[in-house]
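Encoded as structure tokens, here's the structure I'll be asking about.
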Amino acid sequence: MDVHKLLEPSLKDLNSKDAKKRADAVNQLAALMPEHHLHPITFAKMDGVKALVKLLGNSSATSADKANACMTLGHVAKGNSRLQEIVGAASLPVLAKLLRSEKASAFERNQASYALAHLANRNQRHQMALLKLGVLPDLVLQLRGSTDGDFGSAAYALATIAEGIEKHQTAIRLEGAIGPLVQHLNSSFRPEDRIDAAFCLARLAENHEENQEAILEEEDLEEGLMSLLHSDLLAERINVTCAQGEFGVF
């Protein structure tokens with residue numbers, strides 16, 4: 001089927017005044033984007049990113065609509081540097097605003113951090129923009145208040161912002177991220193969330209002695225790492241990840 005024709009009905013309904021049509025459209029797009037690499041490319045060419053950003057600013061949009069819009073933006077940006085730039089140009093301030101909104105649900109904030117993670121991944125311009133937008137306290141707050149399923153996106157977003165860059169690593173440590181990350185190594189959360197905690201700690205420690213010392217000072221570090229290493233679910237997840245070639249993204 002022609003990709004343009006596949007996406008056109010949902011894209012049209014994103015701007016509908018009918019709340020149900022909007023909800024169905026953004027839900028459908030969130031499901032469609034990961035199915036084929038051509039879907040995000042065509043969607044961006046059809047100005048779909050602008051429509052999603054507009055929906056995020058719509059006061060009548062529901063929490064689920066906004067969460068699915070964030071998820072879709074993350075899917076579009078994932079794995080394509082050109083699309084990453086297109087999404088980022090329109091959405092970084094909007095996503096940052098949603099992340100810190102007291103009215104936003106935990107699900108909205110989780111999906112906003114998911115989108116930010118993929119926008120910051122290997123993109124120093126976006127990393128710097130997010131630092132200027134002041135998202136670090138919001139992401140760390142999300143780490144501290146997370147429940148199962150909400151934690152990983154914030155941890156991965158911080159990891160992509162850190163990316164072994166000393167200034168970024170230091171800023172994240174000073175916001176207090178290390179304690180909650182270590183605590184979650186040994187939590188009952190999903191193995192994916194715990195892996196993201198370990199990945200973020202590794203990024204923070206990379207070639208950064210002060211961060212390494214701060215991590216080693218955490219009392220629960222050894223127990224958390226041993227728990228993670230002996231997790232059968234972790235071993236299963238690593239096998240799946242290796243088979244799919246999706247290292248560093250959970």
Side-chain angles (χ1 to χ4, degrees), residues 10-11 13-31 33 43 47-78 86-120 126-127 129-161 171-172 175-177 179-181 184 187 189-190 193 196 200:
S10 295
L11 186 53
D13 285 344
L14 277 182
N15 297 311
S16 172
K17 294 181 179 180
D18 186 313
K20 187 178 186 307
K21 283 186 177 181
R22 284 201 311 268
D24 290 344
V26 73
N27 188 56
Q28 177 73 2
L29 288 167
M33 285 305 110
F43 181 76
D47 281 338
V49 172
K50 291 181 182 178
L52 286 174
V53 173
K54 182 178 178 181
L55 185 148
L56 287 174
N58 187 337
S59 59
S60 65
T62 68
S63 176
D65 292 349
K66 291 184 178 182
N68 281 324
C70 291
M71 186 190 306
T72 305
L73 288 170
H75 288 330
V76 173
K78 184 178 180 181
I86 292 170
V87 175
S91 68
L92 284 178
V94 178
L95 290 167
K97 183 178 179 180
L98 180 64
L99 191 65
R100 68 172 54 98
S101 171
E102 294 181 358
K103 295 180 180 180
S105 67
F107 186 40
E108 287 175 76
R109 289 191 291 270
N110 182 46
Q111 295 306 327
S113 61
Y114 170 82
L116 291 176
H118 290 296
L119 287 166
H126 287 174
Q127 292 160 10
L130 290 173
L131 286 175
K132 290 179 180 178
L133 287 167
V135 302
L136 295 188
D138 305 301
L139 290 170
V140 173
L141 186 63
Q142 191 175 339
L143 291 183
R144 290 175 175 153
S146 290
T147 57
D148 190 10
D150 292 339
F151 177 86
S153 292
Y156 188 64
L158 287 168
T160 60
I161 292 171
I172 292 169
E175 285 296 339
L181 287 167
H184 284 301
S187 72
F189 282 9
R190 302 180 310 161
D193 288 348
D196 279 326
C200 188

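Scope of the values below: all heavy atoms of this structure, side chains included, with no hydrogens, waters or symmetry mates.
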Could you tell me if the side chain of L116 sits less than 4.5 Å from the side chain of S153, heavy atoms only?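 With C-beta onward as the side chain, the pair stays apart.
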
Test item: side-chain donor near acceptor, N58 and S60, under 3.5 Å: yes

What pairs with K103 under side-chain hydrogen bond (donor to acceptor under 3.5 Å, both in side chains), at least two apart in sequence or on another chain? none

Is there a donor-acceptor contact under 3.5 Å from the side chain of R100 to the main chain of G134?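 Looks like yes, one N/O pair under 3.5 Å.
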
How close do L158 and I172 get, heavy atom to heavy atom, and via which atoms? O-CD1, 3.4 Å

Quick one: list whatever passes ring pair (Phe, Tyr, Trp, His ring centres under 6.0 Å) with H126, sequence neighbours left out. none

Would a distance-only check, ignoring hydrogens and angles, find a side-chain to backbone donor-acceptor pair under 3.5 Å from N68 to A64?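 The answer is yes, because a donor-acceptor pair under 3.5 Å joins these two groups.
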
Say whether Q28 and S10, considering side chains only, have a donor N or O and an acceptor N or O under 3.5 Å apart.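 No pair is found: no donor N or O on one side chain lies under 3.5 Å from an acceptor on the other.
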
Can you tell me how far CG of L95 sits from NZ of K66, rounded to the nearest 0.5 angstrom?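 So the NZ of K66 and the CG of L95 are separated by 11.5 Å.
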
Calculate, to the nearest 0.5 Å, the distance between atoms CG and CG belonging to L181 and D196 respectively. 10.0 Å

For D47, all residues meeting salt bridge (Lys or Arg N to Asp or Glu O under 4.0 Å), sequence neighbours excluded: none

Taking all non-hydrogen atoms of both residues into account, name the closest pair between C70 and A115 and its distance. O-CB, 3.5 Å

Q142 versus S113, side-chain donor and acceptor atoms under 3.5 Å: yes

Could you check whether T62 and D65, counting side-chain N and O atoms only, form a donor-acceptor pair closer than 3.5 Å? yes

Minimum heavy-atom distance G74-Y114, with the two atoms named: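 Distance-wise, the nearest heavy atoms are CA-CE2, 3.7 Å.
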
Considering all heavy atoms, the nearest S91-L119 contact: OG-CD1, 3.8 Å

Apply side-chain hydrogen bond (donor to acceptor under 3.5 Å, both in side chains) to Q111 and list each qualifying residue two or more places apart in sequence or on a separate chain. none

Scan the side chains in residues 49-57 for donor-acceptor partners under 3.5 Å anywhere in the protein, sequence neighbours excluded, and list what turns up.
none

State which residues pass side-chain contact (heavy atoms from CB on, under 4.5 Å) with S59; sequence neighbours excluded, sorted by chain then number.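 None.
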
Do you know which two heavy atoms are closest between T160 and A117, and how far apart they sit?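 Result for this residue pair: OG1-O, 3.4 Å.
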
Please determine whether a side-chain nitrogen of the Lys or Arg among R22 and D18 lies less than 4.0 Å from a carboxylate oxygen of the Asp or Glu.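 Not counted as a salt bridge, because no side-chain N and carboxylate O are separated by less than 4.0 Å.
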
